Amino acid sequence: MINIKENEKLSVMNHSCAHLLAQAVKHLYPKALFWVGPVIEEGFYYDIDLGEDVIKEEDLAKIEKEMKKIAKDGKRIVREEISKEEALKRFSDDPYKIDLISRMDEDDTVISCYTQGDFTDLCRGPHVDSVKELKHFKLLKFSGAYWKGDAKNKMLQRIYGICFENEEDLNKHLEFLEEAKRRDHKKLGKELDLFMMSEYGPGFPFFLNKGMILRNELENFWYREHTKEGYEFIKTPIMLNKELWELSGHWYNYRENMYTSEIDERTFAVKPMNCPGGMLVYKNSLHSYKDLPLRIGELGQVHRHEASGALNGLFRVRTFTQDDAHIFMREDQIEEEVINLISFIDRMYSIFGLTYDIELSTRPEEKYIGDIEIWNKSEKALEDACHKAGHDCKINPGDGAFYGPKLDFHIKDSLGRVWQCGTIQLDMNLPERFDLTYIDSDGSKKRPVMLHRVIYGSIERFIGILIEHYAGAFPFWLAPTQLVVIPVNPEIHGEYAKELTEKLKELNIRVELDDRNEKLGYRMREAQTSKIPYSIIIGDKEMEEHSISYRKFGEQGTTTVSEEEFINFVTDKINNKTL
RNA sequence: GCCGAAAUAGCUCAAUUGGUAGAGCAACUGAUUUGUAAUCAGUAGGUUACGGGUUCAAGUCCUGUUUUCGGCACCA
């Protein structure tokens, strides 16, 4: 996937293309008013006020046709610098431009306009020299979008498009979009019987048997790796009473997203986060400075009432399992702990062939708690740890949580798409609210520092990402069905194939026998469409030699090895989690 | 929640201006005995998401609801 924003030339072209789009829209909808048309990673868009008019599917083609016409005409794009006064005058009948201009500082900003033929737009530029240069573009989608990105404002119409230097690149991008559609986890989840949705529970996914195998493998892997890293594990209740949520602050900050219920005339809430329960566990016993860092993990199922329009397959659901952990430690342990954590997360992601970038989100401008000094120290600790772990650390100013700064892990899948999964958050709020303490070496009570962290983020979302990352063809250790044994002639080879299947089952391999009365080609096709990693064919030759002929998913032809070699081959895959 | 679109058999999709809901795959039955992506024949399968309305007649038109999809806003 090409990031348009990071490519200077494409960035300028896409920006000019946004103007071309606006000009075409103006031709077709003379009353149209324009807000902004920026370049984004996936191309460009323009937010437009069409008054009573609404863009429809078929209009996109019309607009695109008009754009081609204008581009062919080949008008030059001319820059002009004007004063604020002149700008206000020139755009006096356009409330959107007035809004933009009046917020510009005359001393610092040069106000510039770009004109192409009969169309002028306020813009900082730069642009290509002529609309003639814009040939290889496509309008992709449209939707409503709040003015200034604020849900309180009215909705404008947004049209998205993308522009390339040549037809080949454009086609490559369209092919990428097709590929992404083929890999859609909602589609593959249905085809591969991994999970289902029901009208009776919008946003509450049902995991089917095959999806449960994925889940269980991911959870087992998680428990094993966390045990190695010195974690202990807990499970806290799904529902806790209102007083706890008042204490944690969720009742005031997160109430809208919480499911509540009256029980024995008291209010209970289903947990939207695991931390308050974790705090209670910490407080359940006394802690010595010698026990820190204390790492307490919980695969905790949370429920959040997400807006209906936000729901999206497994990516955005109303109940999900966080692979949560809370780490309690002394202040002087932050850096070392975070360094360890980063290398731990690195190890976890590399198993899946996922690369990632780390971003540091710092103190919000206004809404934050605690001393600025502690914030600065914490931010520095996270950043240093990140560098010492050998990673770049992009700063995301003001994007931290109100209770502390955080490191976010943005993973990149096999199509180059970026997802936010892991996060390490420093919390200066909850230890205070819950009055957490440990006994220091001098016998005094001290306040521990706390980290929240997740690696998968949400098991549901992570499974969604993995489905798309692998296009449903999971590595051997994760595949719901790992092997299928196909006797060439079930009447002749069926019994032997069955024995082999049982033998493999005893080794804890997820193997199925396909001895149906169907042609080999038919059963092989099914094995391939269900993306089973290896298909074993048993015929006369294999029976005689006691050998195994296997075909790898997606490849043609078979490899024949001895039974022992094959068992070593697959157990090695399971143990090392290799493809 | 907001803007737009959609919902027909288990799945993927047809059904002309309103005029008898249909196909392929899957399922089931039988024949076939198979060497690497679909053997043949037959059977069954539907309150067209749910409710209300217009009409002689509604999958089709109007309307309310639900759900899904693409975005926005929100977010793991």
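As the structure is a prediction and not an experimental result, all values here were calculated from the model. Order of the sequence lines sets the chain letters (A, B, ...), proteins ahead of strands, with each chain counted from 1.
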Salt-bridge present (A:Lys406, A:Asp408; N to O < 4.0 Å): yes
Between [options], which nucleotide gets closest to the side-chain atoms of [X]?
X: A:Glu518; options: B:G1, B:U39, B:C3; value: B:U39
X: A:Gln420; options: B:U68, B:U36, B:A76; value: B:A76
X: A:Asn489; options: B:A76, B:U33, B:C69; value: B:U33
X: A:Arg158; options: B:U36, B:C72, B:C74; value: B:C72

Whole-Å C1' distance, B:U12 and B:C61: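 About 28 Å, rounded to a whole number of Å.
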Whole-Å gap separating C1' (B:U36) and CD1 (A:Ile532):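 In whole Å, B:U36 C1' lies 14 Å from A:Ile532 CD1.
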A:Trp245 and A:His250 aromatic ring geometry - parallel, tilted or perpendicular at 30°/60° bounds: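 Rings of A:His250 and A:Trp245: perpendicular, over 60°.
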Working for side-chain contact (heavy atoms from CB on, under 4.5 Å), residues A:Leu240 and A:Val270: CA-CA 7 Å; A:Leu240 291 159; A:Val270 178; over 6 Å; no
Base of B:G71 and ring of A:Tyr160 stacked, centres under 5.5 Å, planes under 30°: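 Stack criterion not met.
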A:Arg551 side chain near B:A37 phosphate (N/O to OP1/OP2, under 4.0 Å):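 Yes, because at least one side-chain N or O of A:Arg551 sits under 4.0 Å from OP1 or OP2 of B:A37.
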Full working for side-chain hydrogen bond (donor to acceptor under 3.5 Å, both in side chains) between A:Glu563 and A:Ser547: CA-CA 5 Å; A:Glu563 233 172 68; A:Ser547 63; over 6 Å; no
Donor-acceptor pair under 3.5 Å, A:Arg316 side chain vs B:C74 base: yes
